[in-house]
There are 2 protein chains.
Amino acid sequence: MSEIARVLVMKLSNGVEWGLHCCVSISQSDGPVSAARLAELHGVPPSYLAKHLQALSRAGIVRSTPGPVGGYAFTRPAAEVSVLQVVQAVDGPEPAFRCTEIRRRGPLALSPERCEKPCAVSRAMATAETAWREALAGISVADLAGRIDQDSSGTAMRDLRSWLAGAP
Amino acid sequence: MSEIARVLVMKLSNGVEWGLHCCVSISQSDGPVSAARLAELHGVPPSYLAKHLQALSRAGIVRSTPGPVGGYAFTRPAAEVSVLQVVQAVDGPEPAFRCTEIRRRGPLALSPERCEKPCAVSRAMATAETAWREALAGISVADLAGRIDQDSSGTAMRDLRSWLAGAP
DNA sequence: GCAATCTCGGATATTCCTTGTCCTGGTTAT
DNA sequence: ATAACCAGGACAAGGAATATCCGAGATTGC
């Protein structure tokens, strides 16, 4: 058995992927899109997808309308919704690296007043996460839709729009 | 109950923090440092810390020597060990975002030959992770040690070295 | 106005991973 | 030879992510 470290690196819930694809889909619809319909489109469990859509709703990215013709729709143009906002809405705003304040333990523990400033390790990790966040903040849902359309030579968004319009 | 999304964001195992602090400690010692000693210094469970140190050893960052005066020591200068290498050694090299190829499912599923290129969502997340990785690659363990020393006005590394030297 | 129907929303189980411990075997210095 | 250390795996416990269900509320059509 020559397997190397199998432990997983920092992990992102699959809800992030679902949420982003759903945002792209919603951006192509005129009216609201229901959770059941989005689940069918992407082939994912409806009840679970609903949970992530609710998170988007709580974050104010989409607005939900009840009733027979209800569903989810954007509150603002897709060009003004960044990927970061969607990711943080679904997975929460907490950083990946959580400092345990290891320097305050053990025989060489630092006094509390010496720990006002975060430690160098924590700062290094925070810097990297800021770079990650800025990269995601620079991409909008509209950008994603445009790129997907380019990848498919213009057919993807057309097919998507027609599917969303038909078969209510 | 007016609580907002409490779900956790992408998560990094606490072994990352331990591994980085241990690397800083090892860098300040002349001889090898044993796992039990590192655990005592940082106030963490020895058996569990040993697991992460073994990961560092497998990755070739440190070299372990058995025997009464054994322990862990760097294989190369601390200035040539990046934070990224430590993080990936402990937590694995896999990306945080795992594309499920959602576009190949549902009624508008794309054909396999149209999925050779990763989808736009996956590319966006990969770009952000690259930025994260580059930020971590630009910081070395020696840098960390230097910054910790600055934070403590020069006492931290001195105290650390003397603790490592004494009380074998 | 009223009922039916469809929607969201939160509370609830289940599975999996992370955390943590322990034990056996192998290697080195005294 | 003995003692001290590392390496790796088996194993248990806790918690988070996954997945599902049922109730509350709103809109449509009559």
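Residue numbering restarts at 1 for every chain, and letters A, B, ... go by the order of the sequence lines.
The distance from atom CD of A:E40 to atom P of C:dC6 is 15 Å, rounded to the nearest whole Å. Taking atom CD on B:E17 and atom P on C:dT18, their separation rounds to 17 Å, with Å as the unit. Counting to the nearest Å, the P atom of C:dC8 and the NE2 atom of A:H52 are 15 Å from each other. Counting to the nearest Å, the P atom of C:dG9 and the CG atom of A:L49 are 13 Å from each other. Across the protein-nucleic acid pair, A:L12 atom CG and D:dA16 atom C1' stand 14 Å apart, rounded to whole Å. Rounded to whole Å, the distance from CG on B:L56 to P on D:dA7 is 10 Å. A:K51 has its NZ atom 13 Å from the P atom of D:dT20, to the nearest Å. Put simply, CD on B:E94 is 15 Å from C1' on C:dT18, counting in whole angstrom units.
The side chain of B:S13 lies closest to C:dT19, out of D:dA17, C:dT12, C:dT19. Of the candidate nucleotides C:dC8, D:dA19, C:dA29, D:dA19 has the atom lying nearest to any side-chain atom of A:Y48. Checking C:dG20, C:dT5, C:dA11 against the side-chain heavy atoms of A:P68 singles out C:dT5 as nearest. Taking the side chain of A:Q54 as heavy atoms from C-beta on, and the options D:dT18, C:dC8, C:dG20, the nearest nucleotide is C:dC8.
In summary, B:R103 and B:E101 engage in a salt bridge, as defined by a charged side-chain N under 4.0 Å from a carboxylate O.
With contacts defined as side-chain heavy-atom distances shorter than 4.5 Å, the pair B:P32/B:Y72 does not qualify. Considering only heavy atoms from C-beta on, B:D143 stays 4.5 Å or farther from B:V83 through its side chain. With a 4.5 Å cut-off on side-chain heavy atoms, A:R147 and A:I139 count as touching.
Between A:S57 and C:dC8 there is no side-chain N or O to OP1 or OP2 distance below 4.0 Å. OP1 or OP2 of C:dT19 lies within a sub-4.0 Å distance of a side-chain N or O belonging to B:N14. Side-chain N/O atoms of B:Y72 include one lying less than 4.0 angstrom from OP1 or OP2 on D:dA7. For the OP1/OP2 pair of C:dG10 and a distance below 4.0 Å, the side-chain nitrogens and oxygens of A:R58 include at least one atom meeting the criterion.
Toward the 5′ end of DNA chain C lies the nearest nucleotide of B:S47, the other residue of the pair B:G67 and B:S47 mapping further downstream. Nearer the 5' end of DNA chain D, as judged by each residue's closest nucleotide, is the contact made by A:P46, out of A:V69 and A:P46.
At a threshold of 4.0 angstrom between heavy atoms, the contacts of B:A35 are confined to the sugar-phosphate backbone, with no base atom among them. Among the atoms of the strands shown, only primed sugar atoms or phosphate atoms (P, OP1, OP2) are found under 4.0 Å from some heavy atom of B:S34. Using a 4.0 Å heavy-atom criterion, one finds that B:G15 contacts no nucleic acid atom at all. As judged by a 4.0 angstrom heavy-atom cut-off over every strand, A:S64 is placed among residues touching the sugar-phosphate backbone only. Looking at heavy-atom distances under 4.0 Å, A:P66 makes contact with sugar-phosphate atoms alone, never a base.
Using modelled atom types, no side-chain atom of A:S57 and backbone atom of A:L53 make a donor-acceptor pair closer than 3.5 Å. Without hydrogens or angle criteria, A:D91 side chain to A:S13 main chain gives a donor-acceptor distance under 3.5 Å.
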